[in-house]
Amino acid sequence: MLQSYLTEVGRSAKSYCEHTTRTQPTLPDIVVSLIEMGFNVDTLPAYAKRSQRMVITAPPVTNNPVVPKALIAGQNKPHPAHIPGHLPDFPDPHTYIKTPTCREPVADYQVLREKAASQRRDVERALTRFMAKTGETQSLFKDDTSTFPLIAARSLSIPYLNALLPSELELQQVEETDSSEQDDQTDNENLSMHLQADETGAEKENSSVLQQNSMKGGEETLIDNPYLRPVKKPKLRRKK
């Protein structure tokens, strides 16, 4: 009921304010609204001066939160002459200006060599640490085994066996040479077979041509082209 009562007072005061061509209600607007709703305005001073009234203290003053500054790069571009001034400003230049996102590759020979050497050293260290953690290790100090671990050497029953056996690289090279020799041998065999087949085919063609020539040797050759036929003399007719 209190909420509806206060809402009706505010609505009525606003309507009186707008009726008098104003935007902000004043105290007379609220008094007229109370009178219209049937409230006795003369009792308000006595009610405000009662002894058991509740005083509402003012809310404490709080500092406004600090708004973080936005990223600003460069100066904002002003509007050209054909754009009205009431339109919003252009965004910050960093939103539409191209900026490089990566560095140019280094082409200096000394820097590249130093980088390659450091990478190789890091790989060797990582590999030795991995082998030290996963395999057997030996320490320089008897008391502390975790400091300066060394990869334990594996003792072989025949130490000179590795020197006699070929390495994996040598075996791979031997396999490649064997495969290349086999490929060359098969190519040569295929080439010889093709040559033999061509020779036999040529011999058959020559023999067939000779047979045909021998069969047609005794017969008269007929020439289809009229321009290559022998000339025939016309017959002379005697006058009677």
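Both backbone and side-chain heavy atoms feed into the values below; hydrogens, waters and symmetry mates do not.
- Clustering ILVMFWY residues whenever any of their side-chain heavy atoms sit less than 4.5 angstrom apart, transitively, puts Ile30 in the very cluster that holds Met37.
- Contact check for Arg22 versus Glu18: no side-chain heavy atoms found under the 4.5 Å cut-off.
- By the 4.5 Å heavy-atom criterion applied to side chains, Met131 and Leu127 are counted as neighbours.
- Between Pro25 and Tyr16, the closest side-chain pair of non-hydrogen atoms is not below 4.5 Å.
- Side-chain heavy atoms closer than 4.5 Å link hydrophobic residues (I, L, V, M, F, W, Y) into clusters, and following such links, possibly through other members, connects Val41 to Tyr5.
- In this structure, the separation between OH on Tyr47 and CZ on Arg53 is 11.0 Å, given to the nearest 0.5 Å.
- Note that the CG atom of Asn40 and the CD1 atom of Ile35 stand 9.0 Å from one another [nearest 0.5 Å].
- With values rounded to the nearest 0.5 angstrom, Thr62 atom OG1 is found 6.5 Å from Asn64 atom CG.
- Ion pairing between a basic and an acidic side chain is recognised when a charged N comes within 4.0 Å of a carboxylate O; Lys14 and Asp29 show no such pairing.
- Under a 4.0 Å N-O distance rule, the pair Glu124/Arg120 does not qualify as a salt bridge.
- Around CZ of Arg125, the count of heavy atoms belonging to other residues, nucleotides or ligands within 6.0 Å does not exceed 12.
- Note that CZ of Arg113 is 12.0 Å distant from CG of Asp108, once rounded to the nearest 0.5 Å.
- Here the side chains of Leu44 and Phe39 are in contact, with some heavy-atom distance below 4.5 Å.
- Atom CD of Gln24 sits in a sparse spot, with 12 or fewer heavy atoms from other residues, nucleotides or ligands closer than 6.0 Å.
- Looking only at distances, no side-chain donor or acceptor of His79 sits under 3.5 Å from a matching main-chain atom of His86.
- If you chain together hydrophobic residues whose side chains sit under 4.5 Å apart, Val123 and Phe130 never meet in one group.
- Interatomic distance, Arg11 CZ to Ser4 OG, rounded to the nearest 0.5 Å: 12.0 Å.
- Remark: side-chain polar atoms of Ser12 are not paired, donor with acceptor, to backbone N or O of Glu8 under 3.5 angstrom.
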